[in-house]
Amino acid sequence: MKPKVAFFSFTSCEGCQLMFLNLEDQFLDILSEVEIVNFREAMKEVLSDEYDVAMIEGSITRPSDAEEAKKLRERSKIVVAFGACAVIGGVNAIKNFQPQEEVRKYVYDGKWETYETMPTVALDQVIKVDYRIYGCPPDRKEILEVLTSLLLGKKPNIPDYPVCVECRLAENVCVFDKGMVCTGPVTRAGCGAICPAFGNKCLGCRGLISDPNTNAEKDLLAERGLTVEDILKEFRMFDGLSEVSK
Ligand code: SF4
Ligand code: SF4
Ligand code: SF4
């Protein structure tokens with residue numbers, strides 16, 4: 001019997017699921033190892049209500065989301081928080097910095113009282129999460145790394161060092177030299193420093209490394225008269241739930 005894998009999404013753009021579907025070269029290999037039993041973005045059929053692995057995308061922004069997530073947890077042996085929205089709240093947490101009633105009125109206009117809402121939380125604030133796939137959207141190699149690891153019952157090899165390491169190895173021009181403030185010194189690597197590679201600053205979509213105060217590239221910041229704390233303030237775009245964004 002192949003492990004049953006199901007995909008679900010809460011508040012999200014469903015881009016993480018799209019990244020999974022973009023694994024074109026590996027897709028047949030994946031299907032030879034697992035049975036996909038629920039995947040609204042890719043198939044109509046629902047083949048099971050019990051799952052070995054639930055890949056859950058999106059953050060929790062409504063009380064009904066939280067209840068649904070708890071039901072999914074009861075029916076799943078392994079839960080994977082899939083992408084920045086699920087793992088760290090992602091862009092959905094930006095609304096937490098505004099008065100919630102104002103946000104409801106802005107989004108739903110005249111019908112704002114009809115729709116339920118709550119401040120955004122990450123998936124692991126509602127249910128136990130077993131594995132995390134970082135990024136907005138996640139890197140395809142990392143999706144494969146986590147899937148393979150959980151099927152083998154081992155810990156995935158996910159970097160816990162800053163994006164700057166990958167950026168320097170790639171010999172990118174540091175965007176600080178162009179006057180930008182980049183969160184690379186405190187953001188978890190694994191994306192290949194793709195934003196600086198194209199001349200953009202890192203906005204921290206993969207979340208913080210475990211110990212930003214000791215591991216961050218302090219010299220790089222000191223050269224520009226900045227501290228780790230200055231960079232941490234930039235984290236509201238994707239990581240608004242973290243303490244450093246408060
Ligand atoms: S993490 Fe990014 S790509 Fe994935 S659902 Fe959220 S906004 Fe979309
Ligand atoms: S600060 Fe940003 S641009 Fe500079 S080396 Fe680090 S990741 Fe690259
Ligand atoms: S460089 Fe930063 S913002 Fe860009 S993908 Fe990597 S972690 Fe995300």
Does [X] reach the main-chain N or O of [Y] with its side chain, forming a donor-acceptor pair under 3.5 Å?
{"X": "D239", "Y": "G207", "result": "no"}
{"X": "N92", "Y": "T11", "result": "yes"}
{"X": "K201", "Y": "C195", "result": "no"}
{"X": "E166", "Y": "G190", "result": "yes"}
{"X": "R104", "Y": "Y115", "result": "yes"}
{"X": "K4", "Y": "V34", "result": "no"}

Counting only heavy atoms from other residues, nucleotides and ligands, does the tally under 6.0 Å from [atom1] of [X] exceed 12?
{"X": "L28", "atom1": "CG", "answer": "no"}
{"X": "L151", "atom1": "CG", "answer": "yes"}
{"X": "F97", "atom1": "CZ", "answer": "yes"}

Between [Y] and [X], is there a salt bridge with N-O shorter than 4.0 Å?
{"X": "R206", "Y": "D139", "result": "no"}
{"X": "D130", "Y": "K128", "result": "yes"}
{"X": "E50", "Y": "K77", "result": "no"}
{"X": "K70", "Y": "E67", "result": "yes"}

Would you kindly say whether [X] and [Y] are connected by a side-chain donor-acceptor distance under 3.5 Å?
{"X": "T183", "Y": "E234", "answer": "no"}
{"X": "T117", "Y": "Q100", "answer": "no"}
{"X": "D160", "Y": "S210", "answer": "yes"}

Y134 ring center within less than 6.0 Å of F82 ring center: no

Distance flag, aromatic centroids of F20 and F27, threshold under 6.0 Å: yes

Cluster overlap L150 with I56, hydrophobic side-chain contacts below 4.5 Å: yes

I88-I231 co-clustered via ILVMFWY side chain contacts under 4.5 Å: no

F235 side, atom CZ; L208 side, atom CG - distance, nearest 0.5 Å: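 If we round to the nearest 0.5 Å, F235:CZ and L208:CG are 4.0 Å apart.
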
Pair E14-R40, salt bridge (charged side-chain N to carboxylate O under 4.0 Å, His left out): steps then yes or no: CA-CA 10 Å; E14 301 199 344; R40 184 180 51 76; 2.2 Å; yes

Those residues that, when tested against Y131, pass ring pair (Phe, Tyr, Trp, His ring centres under 6.0 Å) (two or more places apart):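 Here no residue qualifies.
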
Selection residues 168-185 - residue pairs positive for salt bridge (Lys or Arg N to Asp or Glu O under 4.0 Å), sequence neighbours left out: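 Every salt bridge (Lys or Arg N to Asp or Glu O under 4.0 Å) pair that includes a residue of residues 168-185, provided the two are not neighbours, is R168-E217, D177-R224.
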
From CA spacing to verdict: side chain to side chain contact (heavy atoms under 4.5 Å, CB included), F238, V91: CA-CA 5 Å; F238 286 102; V91 290; 3.7 Å; yes

